[in-house]
Amino acid sequence: MPQDPEPSTDPLRGRWPLAPSSSADWLTELCGDGVLGFMPPAMPDAAWVLNAMYEHEHGPGELTHHEYRQARLADGSAQPLVLVGVDLDAVGVATGGDLGRAEHPGPGWRRLRWAELAERTGDPVVPEGQLPCLRCFPSARKGGSWPLGIVPPAEGSLDRETWNRLIAVLTEHSPAGPDTRCLAYYNPLMMAADDFDKHHVREGRLGDAELLYDTDDVDSSPSNLWAADRSWVLCTDYDLWATKVAGPPALVEALLGDAELEALRLPWAA
């Protein structure tokens, strides 16, 4: 098995060592190009787990992320923006819609479910024929920019809360539970790699998968995670706001019915 180039006390490298690049070859055969992540077909079923978004308890407000940035540039102010008592710079939501890992913003913020926002705006949760991405919820934005009081879904990465809960559900529905052997693939765009043919893969236990969220190599959850027996596989595409999970019907039904996740089937993207 390949070794990491430098010794490290990082628990990720100890519990998720590098695996042969060829470990992901079966995904190339199944899905084609994996530059943005290997998008699997139903195996035999599939669901999309939506990345979390959050709203301030006092509502979205009128000012957008774009308007805030323009105002800061115009006056050269170094003062943080405080909205209803919350320093938006401190919670890291002043830009919105960023690539990479995402966290719950903290006190004063609540989970805003996609279904709730769809009911409020009249937009579909996901437009027919589309995938969960920046084309969703055009009515919630002004000039394409989200209100400052809403933290939009992270792009290209699961948020930490959704990642941890998804791992818990996968553990419940894998025969070996936390001892299930898994592999994780990171697409070359995430790794800033020059060689797009060499797959960056790590191997470890499903019970240690939460560690994959804090790797020093990349600022996102893996593009793909799959059981070594290939009974299920998930894909977080670099350009999307959701993760597709393909596997047995019992697993998919569990995802759809889980109170902590927000998941749905997309018939046009099964």
Side-chain angles (χ1 to χ4, degrees), residues 39-40 42 45-62 64-65 84 86 91 93 96-99 101-170 172-173 221 232 234-237 239-247 249-270:
M39 189 60 68
D45 204 353
W48 289 82
V49 176
L50 306 174
N51 291 352
M53 67 178 87
Y54 301 94
E55 184 174 63
H56 194 268
E57 61 188 9
H58 292 289
E62 297 296 326
T64 69
H65 291 275
V84 285
V86 178
V91 296
V93 299
D98 291 337
L99 284 161
R101 292 188 292 241
E103 306 274 356
H104 188 290
W109 297 84
R110 68 176 185 88
R111 176 82 176 262
L112 174 62
R113 291 192 169 263
W114 290 47
E116 178 186 348
L117 187 57
E119 183 176 358
R120 181 190 304 175
T121 62
D123 293 328
V125 174
V126 179
E128 186 170 357
Q130 298 289 336
L131 297 177
C133 67
L134 56 78
R135 295 185 179 88
C136 296
F137 300 115
S139 300
R141 291 168 280 168
K142 182 169 67 175
S145 183
W146 289 87
L148 272 176
I150 292 179
V151 181
E155 184 173 283
S157 175
L158 285 160
D159 56 281
R160 184 184 296 276
E161 290 75 20
T162 302
W163 170 258
N164 289 346
R165 182 56 193 162
L166 177 54
I167 295 304
V169 175
L170 291 170
E172 293 168 4
H173 288 268
S221 59
W232 53 259
L234 63 81
C235 175
T236 305
D237 185 284
D239 289 334
L240 299 184
W241 291 355
T243 289
K244 185 177 184 180
V245 182
L251 169 60
V252 171
E253 290 297 334
L255 296 172
L256 295 172
D258 191 85
E260 297 182 46
L261 297 173
E262 191 170 11
L264 74 167
R265 284 190 175 94
L266 295 179
W268 54 86

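Heads up: numbering here begins at 1 and tracks the sequence.
At least one side-chain heavy atom of L170 sits less than 4.5 Å from a side-chain heavy atom of L251. L134 has its side chain within reach of W241: a pair of non-hydrogen atoms, C-beta onward, lies under 4.5 Å apart. For the pair M53 and P153, the minimum side-chain heavy-atom distance is below 4.5 Å. Looking at heavy atoms from C-beta onward, T162 lies out of side-chain contact with L50 at the 4.5 angstrom threshold. Inter-residue side-chain proximity for R111 and E262 is flagged as met; some heavy-atom pair is nearer than 4.5 Å. Contact of the K142 side chain with the P147 side chain is not registered, since no non-hydrogen atoms from C-beta on lie closer than 4.5 Å. Side-chain contact between C136 and D123: absent, with no pair of heavy atoms (C-beta onward) separated by less than 4.5 Å.
The main-chain N or O of G156 is never found under 3.5 Å from a side-chain atom of T236 such that the two would form a donor-acceptor pair. The backbone N or O of H104 lies less than 3.5 Å from no partner atom in the side chain of D159, so there is not a single donor-acceptor pair. When atom types are taken as modelled, the side chain of R113 and the backbone of L261 share a donor-acceptor pair closer than 3.5 angstrom.
Looking at every heavy atom in both residues, C235 comes nearest to M39 through SG-CE, 3.6 Å. Shown here for G149 and W109, the closest heavy-atom pair between the two residues is O-CZ3, 3.2 Å. Listed here is the closest heavy atom pair of S139 and T121: CB-CB, 4.0 Å. The minimum heavy-atom distance between A269 and K244, with the atom names listed, is O-NZ, 3.2 Å. Taking each heavy atom of W146 and R141 in turn, the nearest pair found is NE1-CD, 3.4 Å. In this structure, D239 and C133 approach most closely via the heavy-atom pair O-CB, 3.9 Å.
Residues meeting the ring pair (Phe, Tyr, Trp, His ring centres under 6.0 Å) test with W114, sequence neighbours left out: F137. By the side chain to side chain donor-acceptor pair (under 3.5 Å) test, R265 pairs with D45, E253, sequence neighbours left out. R135 meets the side chain to side chain donor-acceptor pair (under 3.5 Å) test with no other residue; sequence neighbours excluded.
More than 12 heavy atoms of other shown residues, nucleotides or ligands fall within 6.0 angstrom of atom CD in E172.
Ionic pairing of E103 and R160 is present here: one or more N-O contacts between side-chain nitrogen and carboxylate oxygen are shorter than 4.0 angstrom. Between R120 and E116, at least one side-chain N (NZ, or NE/NH1/NH2) sits under 4.0 Å from a carboxylate O, which counts as a salt bridge.
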Side chain to side chain contact (heavy atoms under 4.5 Å, CB included) assessment of W48 paired with V126: CA-CA 11 Å; W48 289 82; V126 179; over 6 Å; no
Audit row: V49, D258, side chain to side chain contact (heavy atoms under 4.5 Å, CB included) steps and yes/no: CA-CA 10 Å; V49 176; D258 191 85; over 6 Å; no
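Atom CG of L158 and atom OG1 of T243 lie 3.5 Å apart (nearest 0.5 Å). Residue I167 holds its CD1 atom at 9.0 Å from OG of S221, rounded to the nearest 0.5 Å.
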